[in-house]
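Heads up: numbering here begins at 1 and tracks the sequence.
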Amino acid sequence: SVEIDDTGAGDPAWGVGFKYSGDVGGGTLGFGIGYQKIMDAVAFEYGDVEFTLPVRSEFDAIGTSLSYSIAGFTGIVNYSDYEDLAQHIGFALGYKTGALLVAANYGLFYELAGPGTNEIEGYGVVVNYDLGGGAVIQAGYGVTDLTVASSTTSAERFSLGLALSF
């Protein structure tokens, strides 16, 4: 895949990935691996906190995930490495029965480059209800904690919407 910055300020990022799934023990086991080349500096703002990773002309990211689904339950674990900028680990657990989906996740970016001890930690929950005909009501709630140089800023987010597929 290729992601192009529509503003013209950034360079394109490109990536490639592979996935496999198969039946194991009455459920489905999935595995994925991906690589991405990012060719811009990494900077972001989070509430009142501005945080810029060391300016890099480019860096590589590699990630892998493992999932297992059985009897309506799905569990997922993910690990990603962003060269010497950061590492990420994530976990998710979901349950689907009929039109209802309930899921929760946790993620942690750690060993972030920059001043002091830096990490981004968050969790979320989601509830979806499939109305049929391509319409799904979606609700989500998440909490994120950004720690920069031992000072933590927290934010909560809530979303509610209707997803339509035609």
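Here the side chain of Lys19 pairs no donor or acceptor atom with the backbone of Ser21 at under 3.5 angstrom. Put simply, the side chain of Asn105 never gets that close to the backbone of Tyr123: no donor and acceptor are under 3.5 Å apart. Checked by atom type and distance alone, the side chain of Tyr68 pairs as donor or acceptor with a backbone atom of Val24 at under 3.5 Å.
By the neighbour-count criterion of 12 heavy atoms within 6.0 Å, atom CZ of Phe18 is sparsely surrounded, having that number or fewer from other residues, nucleotides or ligands.
Gln87 and Tyr110 are linked by a side-chain donor-acceptor pair at a separation below 3.5 angstrom, with hydrogens and angles left out of the test. Between Ser69 and Thr28, the side chains place no donor N or O within less than 3.5 Å of an acceptor N or O (distance only, hydrogens not considered). A donor-acceptor contact under 3.5 angstrom links the side chains of Tyr35 and Asp60, judged on distance only. Judged purely by distance below 3.5 Å, without hydrogens or angles, the side chains of Asp145 and Thr152 never pair a donor atom with an acceptor atom.
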Can you list the steps and then say if Asn78 with Thr64 is a side chain to side chain contact (heavy atoms under 4.5 Å, CB included)? CA-CA 6 Å; Asn78 164 266; Thr64 186; over 6 Å; no
Set out, in order, the CA-CA distance, both residues' side-chain angles and the distance that settles side chain to side chain contact (heavy atoms under 4.5 Å, CB included) for Glu119 and Leu108, then state yes or no. CA-CA 7 Å; Glu119 66 181 32; Leu108 174 66; 4.0 Å; yes
Asn128/Ile137 under side chain to side chain contact (heavy atoms under 4.5 Å, CB included): CA gap, chis, key distance, verdict: CA-CA 6 Å; Asn128 291 354; Ile137 297 172; over 6 Å; no
Test side chain to side chain contact (heavy atoms under 4.5 Å, CB included) on Gln36 and Trp14 and set out the steps. CA-CA 6 Å; Gln36 184 130 15; Trp14 60 269; over 6 Å; no
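Hydrophobic clustering of Ile, Leu, Val, Met, Phe, Trp and Tyr side chains at less than 4.5 Å, counting indirect connections, keeps Leu101 apart from Val127. In terms of hydrophobic clustering, with Ile, Leu, Val, Met, Phe, Trp and Tyr side chains grouped at heavy-atom distances under 4.5 Å, Ile70 and Val77 are assigned to a common cluster. In terms of hydrophobic clustering, with Ile, Leu, Val, Met, Phe, Trp and Tyr side chains grouped at heavy-atom distances under 4.5 Å, Ile62 and Tyr20 are assigned to different clusters. Put simply, Leu160 and Val136 are part of two different groups of oily side chains (I, L, V, M, F, W, Y) that touch within less than 4.5 Å, one to the next.
We find the CG-CG distance between Asp23 and Leu29 to be 10.0 Å, quoted to the nearest 0.5 Å. For the atom pair CG (Asp130) and NZ (Lys96), the distance works out to 6.0 Å, reported to the nearest 0.5 Å. Here Asp81 contributes atom CG and Phe59 contributes atom CZ; the two are 10.5 Å apart, rounded to the nearest 0.5 Å. Separating the CD1 atom in Ile33 from the CG atom in Leu66 is a distance of 12.0 Å, to the nearest 0.5 Å. If you take OH on Tyr106 and CZ on Phe91, they are separated by 8.0 Å, rounding to the nearest 0.5 Å. Note that CD of Glu121 is 11.5 Å distant from CG of Leu146, once rounded to the nearest 0.5 Å.
When every heavy atom of Ala155 is checked against every heavy atom of Arg157, the shortest pair comes out as CB-NH1, 3.2 Å. Of all non-hydrogen atoms in Phe109 and Ala86, the two that sit nearest each other are CD2-CB, 4.5 Å. Across every non-hydrogen atom of Ile76 and Ser67, the tightest pair is CG1-CB, 3.8 Å. When all heavy atoms of Ala104 and Val125 are compared, the closest pair comes out as CB-CG1, 4.0 Å. Among all heavy-atom pairs drawn from Gly107 and His88, the shortest one is CA-NE2, 4.0 Å. Scanning both residues, Ala135 and Leu164, for their nearest heavy atoms gives CB-CD2, 3.8 Å.
Residues Val126 and Val102 form no side-chain contact, since every pair of their non-hydrogen atoms from C-beta on lies 4.5 Å or further apart.
Ring geometry, Phe73 versus Tyr95: the interplanar angle falls from 30° to 60°, so the pair is classed tilted.
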